[in-house]
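Please read the structure below before turning to the comments.
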Amino acid sequence: MIKYSIILIGYMGVGKSYIGRKLAEELKIDFFDLDNYIELSEKKSISNILYEKGEIYFRNIENKCFNLLLKKKVKYVISTGGGTPCYSNNIELIKKNESLKSFYLKSSVTHLTNRLFYEKENRPLISSIDCKKELNSFISKHLFERNFFYNQADYIINIDKKKTSEIILEIKQKLT
Ligand code: S3P
């Protein structure tokens, strides 16, 4: 049994949920997807919460749900939303908890742009950006602001050009 619970952080589209689920399966521990947990507790999609109630409301609920998940009395993997570590006291919650190890799944602006351009419809923060060049510059600025938080993770894993199995292996190696 591993010693730590795991928190995955990183920008939209890096595969936090997919990788988190697989990792938890391999480690035989619980998996929680924060966005999914928020949707279940609010009985609304993230897009609808943002659209109907606005971002401040969403960030408060995100913080509340994250606090609840962190208190689970089991070992777990939590996949956060792209903005989670950058709002409220979420990064402090991660850093001060000695039973957690955090991983920043890092991808380049070019890779993120290519990936997100074709799957932006369900992502409320970028869905209205129509041109790839504009998306590239949005992500570039956004990452510049967010890297301050992402870089506080215990480990940084570069994910570009890697298979899921390689990323999972890298994470597992850091835990031993
Ligand atoms: C957000 C990312 C989303 C979701 C919300 C806000 C962000 O999660 O939490 O739309 O601020 O980057 P994913 O990273 O899972 O897409």
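Indexing begins at 1, ligand by ligand and atom by atom, following the structure's order.
Geometrically, ligand 1 and Arg123 share a nitrogen or oxygen pair separated by less than 3.5 Å. Between Tyr11 and ligand 1, not a single N/O pair is under 3.5 Å apart.
In this structure, Arg21 forms no cation-pi arrangement with Phe31, as its terminal cationic atom is not both closer than 6.0 Å to the ring centre and no more than 45° off the ring axis.
Ranking protein heavy atoms by distance to atom 2 (C) of ligand 1, first place goes to Gly82 N, 3.4 Å. For atom 4 (C) of ligand 1, the nearest non-hydrogen atom of the protein is Asp35 OD2, 3.4 Å. With respect to atom 12 (O) of ligand 1, the closest heavy atom belonging to the protein is Arg146 NH1, 2.7 Å.
Close approach of ligand 1 to Arg59 (heavy-atom distance below 4.0 Å) involves ligand atoms 6 (C), 7 (C), 11 (O). Per-residue contacts place Leu125 under 4.0 angstrom from the following atoms of ligand 1 (heavy atoms of the residue considered): 1 (C), 6 (C), 7 (C), 11 (O), 12 (O). Residue contact check: Ile46 has heavy atoms under 4.0 Å from atoms 5 (C), 10 (O) of ligand 1.
Side-chain contact between Ser99 and Lys75: absent, with no pair of heavy atoms (C-beta onward) separated by less than 4.5 Å.
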Check the pair Glu62 / Ser88 against side chain to side chain donor-acceptor pair (under 3.5 Å), numbers first and verdict last. CA-CA 9 Å; Glu62 183 181 45; Ser88 310; over 6 Å; no
Show, in sequence, the C-alpha distance, side-chain angles and deciding distance for Ser102 and Asp154, and conclude whether the side chain to side chain donor-acceptor pair (under 3.5 Å) test is met. CA-CA 5 Å; Ser102 53; Asp154 294 311; 3.3 Å; yes
Test side chain to side chain donor-acceptor pair (under 3.5 Å) on Glu42 and Tyr57 and set out the steps. CA-CA 11 Å; Glu42 289 286 290; Tyr57 179 88; 2.7 Å; yes
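Using cut-offs of 30° and 60° on the angle between ring planes, the pair Tyr104 and Tyr150 is tilted.
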